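Take a look at the structure set out below.
Predicted model, so just to flag it, every value in this text is computed and none were measured. We're numbering straight along the sequence, starting at 1.
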Amino acid sequence: MKLLKNGLFFALSAVVLTGISQPLQAQNVDAQMLLHPPADSWPGYQGDYTGQRHSKLTQITPQNVKDLSLAWAFQTGQPAEIKATPLLVDGVLYFTVPDNVWAVDARSGHMLWRYTYPPNKGDHIGQRGVGMYKDWIFFVSPDAHLVSLNAKDGKVRWIIQLADVEKGYWATEAPFIVGNHVIVGVGGDIDNLPIFLKAVDPETGATQWSWNVTPPPGPGVTTGGTTWMAGTYDPTLNLIYWGTGNPTPVLDGSARPGDDLYTSSIVALNPDTGKLVWGFQPSPHDTHDWDAVEIPVLVDGTFHGEPRKMLLQASRNGYFFVLDRTNGKSLLTVPFGPVNWTKGIDKEGRPIPDPLKEPSPDGVLIAPDEAGLTNYRSPSYDPKTGLFIVSAHHAYSVYFHKPADGSYGWAGADYGLWGKGVIEAIDYKTGKIRWSHDIGQGSPGSGVLTTDSGLTFTGDVPGNFLALDTATGKTLWHAGSGGKIGSSPITYELDGRQYLLTSGGSVLFAWALPEGGTKAAHTAAKAH
């Protein structure tokens, strides 16, 4: 571990404070808040540990959502689009784009402070957000460093190196907080690098444990398995659930025969030790760049008449999985869109790759395409309807690989032919799609949020924010963003007013009912 309290990184890190007459109040995020977030908070990437992205707020309803209006907007002034999910604690929103962290008043959109990381060689493809523990903000930089900031003023507390950017590592994810562990992963999926997940002490920055996705590097050993999205956590079982990325070389599987464990997998780890408890592989021997990092959503319910502790994932490879999260055993595996790369499902519930669908010199038609049937955008689970709602991408692509491409890094090519975005509502007990809602040609970027009032919030490919009826998929409200939507919406309530927070391009938008309508809706919700 490399700890940088002084020197170049500290000296060049910049904090801008605007309009603060006194320091912000202590935030003090603890385990109880992360387990059971109050209505005025969104303290973790998914809101709570389950990954369900479902809110119990009911002030905004299917009946009045048409009256939503803009409460405020915040422009970052950056060329990068917002891909982060903001955190909300004590009336302050914290969000990111690469190299930048902002603290913004959640009632007004007024900037409180901004932190800028020094210029660096990292991959600036996006940034998912921050994590928070007590009064500290944790942020991963594009060049694979972990930064600890004071939440009250954005000042640097310490910076540590997670991995060496000169070797090809990068980082984009929102740090995940469990107990006194800041859990972070890295990227590096086209450079044949060994990948890991790491837990860091939030006070000192010291490494607590590190779990390697694949065995130590050596002749014939698989590399890859990027851990670039945040996981979920079951406090009763004391297990974290994480998705891993594709093996490398990416499109050339001949250099890495076998299943390539634990790449393109869902794993369960002990958060205190980093020890693997179980693993399930949605894409054995992946040769199409399909990560399995999509959010592993935790649901307690009945399955075939029996109570189960389940894990649901709509995976990039086109399959929807239901697992028993106590042991990783498969309960259901079904496609949720066009899929043509398999010969069936094995006895463990894993798709069986068809060798004839591997990239070839003449090209092979594959569904889904390289972007996948879904991707980083978060799904939502609505407990009232039992629907798992996901932003999907029906698409076809032609994959190529020839000997001249070699056996390093990408090692091939793919060309997208056609694709359209679709919001799908999946019945988790059967895998059947209850409804689908077209959202335009191309690949979508918005995640999904559901609420107890029966609303589903998301976005379409052209850049419109949408409110759908959760039961039917019918559009109830829409508004243009003026940019590409690349993040997942959240909702919160402050001073008796429910806000919907979305982003489009480089702008953060807060929506709410008009003041008079808010009071009426609040009274109706309490009466109901």
Side-chain angles (χ1 to χ4, degrees), residues 1-15 26-31 34 43-45 84 87 89 94 96 98-101 103 113 115-122 127-167 169-188 194-212 226-231 233 240 242 269-275:
M1 181 197 74
K2 188 177 180 182
L3 184 61
L4 302 169
K5 283 192 174 180
N6 298 295
L8 179 63
F9 278 88
F10 186 83
L12 293 181
S13 300
V15 178
Q27 311 297 297
N28 199 29
V29 173
D30 58 13
L34 291 166
Y45 183 73
L87 299 194
V89 178
Y94 303 92
T96 64
D99 295 337
N100 294 273
V101 182
W113 55 257
Y115 164 78
T116 300
Y117 187 76
N120 61 89
K121 297 180 180 179
Q127 226 291 330
R128 311 297 166 191
V130 298
M132 195 166 182
Y133 174 80
K134 295 184 177 178
D135 293 336
W136 314 117
I137 294 289
F138 297 92
F139 162 71
V140 294
S141 65
D143 65 345
H145 285 72
L146 177 64
V147 183
S148 178
L149 305 174
N150 189 318
K152 294 190 285 291
D153 54 22
K155 291 183 178 179
V156 175
R157 183 179 175 220
W158 47 252
I159 301 176
I160 63 166
Q161 184 184 71
L162 299 172
D164 189 351
V165 68
E166 298 293 343
K167 294 180 179 179
Y169 287 101
W170 43 267
T172 64
E173 74 177 30
F176 189 65
I177 313 298
V178 175
N180 68 333
H181 312 294
V182 181
I183 303 171
V184 288
V186 294
I195 302 293
F196 54 86
L197 194 65
K198 180 178 290 190
V200 172
D201 187 302
E203 301 294 350
T204 66
T207 297
Q208 296 168 324
W209 55 258
S210 186
W211 176 75
N212 294 320
T226 51
T227 49
W228 59 279
M229 287 292 292
Y233 172 59
I240 57 171
W242 220 274
L269 307 177
N270 183 308
D272 299 318
T273 64
K275 299 296 184 183

Worksheet item: Does any N or O in the side chain of T96 come within less than 3.5 Å of the main-chain N or O of V101, such that one atom is a donor and the other an acceptor?
Response: no
Discussion item. Measuring only between side-chain heavy atoms, which start at C-beta, is V29 closer than 4.5 Å to W136?
Written reply: no
Worksheet entry | Closest non-hydrogen atom pair, H181 against P202 | N-CD, 4.4 Å
Discussion item. Working to the nearest 0.5 angstrom, can you tell me the gap between Q208 CD and D272 CG?
Written reply: 8.5 Å
Worksheet item: Once you round to the nearest 0.5 Å, how far does CD1 of I159 lie from CG of L149?
Response: 8.0 Å
Worksheet entry | Pairwise distance CG(N212) to CD1(I195) - rounded to 0.5 angstrom | 10.0 Å
Discussion item. Taking P98's backbone N and O only, do any of them form a donor-acceptor pair with N100's side chain (distance below 3.5 Å, no angle check)?
Written reply: yes
Worksheet item: Taking the inter-plane angle between the rings of W113 and Y94 on a 0 to 90° scale, is it parallel (under 30°), tilted (30 to 60°) or perpendicular (over 60°)?
Response: tilted
Worksheet entry | P175 vs I183 side-chain heavy atoms within contact, under 4.5 Å | no
Worksheet item: Does G129 offer a backbone N or O that forms a donor-acceptor pair with the side chain of Q127 under 3.5 Å?
Response: yes
Discussion item. Could you report the tightest heavy-atom contact between G179 and Y133, atom names first, then the distance?
Written reply: O-CE1, 3.3 Å
Worksheet item: Got K275 and W209 here, is their nearest side-chain heavy-atom distance under 4.5 Å?
Response: no
Fill in: Shortest non-hydrogen contact from T172 toward V140
C-CG2, 3.9 Å
Worksheet item: Has the side chain of T207 got a donor or acceptor atom that lies under 3.5 Å from a matching backbone atom of V200?
Response: no
Fill in: Distance-only side-chain donor-acceptor flag, N180 / D201, under 3.5 Å
no
Item to complete: List the steps and the verdict of side-chain contact (heavy atoms from CB on, under 4.5 Å) for F196 and T227.
Response: CA-CA 7 Å; F196 54 86; T227 49; over 6 Å; no
Fill in: L146/F138 under side-chain contact (heavy atoms from CB on, under 4.5 Å): CA gap, chis, key distance, verdict
CA-CA 7 Å; L146 177 64; F138 297 92; 4.2 Å; yes
Discussion item. Tell me if a side-chain donor or acceptor on S141 pairs with a main-chain N or O of H145 at a distance below 3.5 Å.
Written reply: yes
Practice prompt. For V147 and W158, run side-chain contact (heavy atoms from CB on, under 4.5 Å): C-alpha distance rounded to whole Å, both residues' side-chain angles, the deciding distance at 0.1 Å, then the answer.
Written response: CA-CA 6 Å; V147 183; W158 47 252; over 6 Å; no
Worksheet item: So, are K152 and D135 salt-bridged, with charged N and O less than 4.0 Å apart?
Response: yes
Worksheet item: Taking all atoms of both residues into account, what is the closest heavy-atom pair of A230 and W242, and its distance?
Response: CA-CZ2, 3.8 Å
Item to complete: Would you give the length of the straight line joining atom CD1 of I137 to atom CG of L87, rounded to the nearest 0.5 angstrom?
Response: 6.0 Å
Worksheet item: Closest approach of A163 and V186, non-hydrogen atoms and distance?
Response: CB-CG1, 4.4 Å
Discussion item. Pair V184, L162 - check side-chain contact (heavy atoms from CB on, under 4.5 Å), show working.
Written reply: CA-CA 9 Å; V184 288; L162 299 172; 3.8 Å; yes
Worksheet item: What are the two closest non-hydrogen atoms of P271 and V178, and how far apart are they?
Response: CB-CG1, 4.0 Å
Worksheet item: Do M229 and Y45 have side chains that get closer than 4.5 Å, going by heavy atoms?
Response: yes
Discussion item. Hydrogens and angles aside, do Y169 and D143 bring a side-chain donor and acceptor to less than 3.5 Å of each other?
Written reply: no
Worksheet item: To the nearest 0.5 Å, how far apart are OG1 in T226 and CH2 in W170?
Response: 5.5 Å
Worksheet item: Mind checking whether R157 and N150 have side chains closer than 4.5 Å, heavy atoms only?
Response: no
